[in-house]
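Owing to the predicted nature of the structure, the values given are computational and were not obtained by experimental measurement.
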Amino acid sequence: MPIKIASWNVNSIKIRAETVADWLREAQPDVLCLQELKCEDRNFPQTIFEDLGYNLALYGQKTYNGVAILSKWPISDISRGLPTFADDDQSRYIEAVIGLPNTAARVASIYLPNGNPPDSAKFDYKLRWISALRDHAANLLAYEEPLILAGDYNVILSEADVHDPEAWREDALFRIESRHGLRSLLHLGLRDAIRLCSDEPGLYTFWDYQAGAWQKNNGIRIDHLLLSPEAAGRLRRAGIDKYVRGREKPSDHVPVWASLH
DNA sequence: ATGCCGGGCGAAGCCCGA
């Protein structure tokens, strides 16, 4: 059963609802993980997505953060927040089981903290959050089932994933502590879907609104789909829908997707 | 070049993102 799953930081779902709906009609993913809703659940523009045939699992928040899972297949076992991070007051993690015709896949939508500046409590929060995510991922991997951890990780894994590495060297997204944190998830056995399909440099998912970053292709790759071995074994293709960044009123991130059979 | 854009909140200007 082929399934296409995508992740997209939309930078406000209320502003971006029509943009997201347009892309859903074009790309036809079975599952879309959203981040940075900046919206409480009761204000989520749900009918526009329900009309396109999607079920919704929401974990919103006013002004900041907020994550969701949209699925054409039934959604069950929804859980909100990382169970390994007690008292997190930010909506950054939602997980659910997607019921496919002959199997099921566990999916999470993740909005990992930015962490800048790196000498602040925000960076400490980022590192603690990654550590909690790793602990939870280790627990989920014990189920030995198709698992997709999708989201905005706010971590650049390697120099191939950033246009100007020196400019980002001391940024919280590229600091070695952040990279080690995300690598620790890979060391559990999770695989980066894009890197299973391509080793070419310059594959980016984010371009800053400022300083002509898009026009100069001054981008970074920080949105990732991490797959359990059971999901990675079914991977057929993965890609980044870069063209979306060139449209009117774009998010600064673009969708990243993978198709599994 | 760490606020150049863009969004939220709320009704001007500040907070935040990456």
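In this structure, A:R16 does not reach the B:dG6 phosphate: none of its side-chain N or O atoms is under 4.0 Å from OP1 or OP2. Residue A:K38 places no side-chain N or O under 4.0 Å from the OP1 or OP2 atom of B:dG17.
Straight-line distance from the CG atom of A:D164 to the C1' atom of B:dA1: 12 Å, rounded to whole Å. We find that CD of A:E36 is positioned 10 Å from P of B:dG8, with the value rounded to whole Å. Atom NZ of A:K62 and atom P of B:dC15 are 18 Å apart (whole Å). As a whole-Å value, the separation of A:N11 CG from B:dG3 P is 19 Å. Between A:H253 atom NE2 and B:dG7 atom C1' there is a gap of 13 Å when expressed in whole angstrom units. Rounded to an integer number of Å, the gap from A:I15 CD1 to B:dG6 C1' is 9 Å.
Put simply, the residue from A:N154, A:T205, A:V254, A:D223 that forms a side chain to side chain contact (heavy atoms under 4.5 Å, CB included) with A:N9 is A:D223.
A:D223 comes within contact range of no nucleotide atom at all, as no heavy-atom separation falls under 4.0 Å. At the heavy-atom level, A:K126 lies nowhere under 4.0 Å from the strands shown. Within 4.0 Å of A:N116, counting heavy atoms only, lies at least one base atom of the nucleic acid. Within 4.0 Å (heavy atoms only), A:F174 reaches no atom of the nucleic acid at all.
Proximity note for A:Y64 (side chain, C-beta onward) versus B:dG6, B:dG17, B:dC16: the nearest is B:dC16. Among the nucleotides B:dG6, B:dC16, B:dG8, the one closest to any side-chain atom of A:T63 is B:dG8. Of the candidates B:dG7, B:dG3, B:dC9, the closest approach to any side-chain atom of A:D208 belongs to B:dG3. Here the side chain of A:K14 is nearest to one of B:dT2, B:dC9, B:dG7, namely B:dC9. Comparing atom distances between the A:S12 side chain and each of B:dG8, B:dC9, B:dG17 picks out B:dG8 as nearest. In the set B:dC4, B:dG17, B:dG7, the nucleotide with an atom closest to the side chain of A:A211 is B:dC4. Side chain of A:Q210, nearest nucleotide from B:dC9, B:dC5, B:dG7: B:dC5.
Taking the six-membered ring for Trp and thresholds of 30 and 60 degrees, A:W129 and A:F85 have ring planes inclined between 30 and 60 degrees apart. A tilted orientation is assigned to the rings of A:H224 and A:Y153, their planes being inclined by 30° to 60°.
Electrostatic pairing of A:R92 and A:D152 does not count as a salt bridge here, judged by no charged N lying under 4.0 Å from a carboxylate O.
The side-chain tip of A:R179 points at the ring of A:F174 from less than 6.0 angstrom away and within 45° of straight on.
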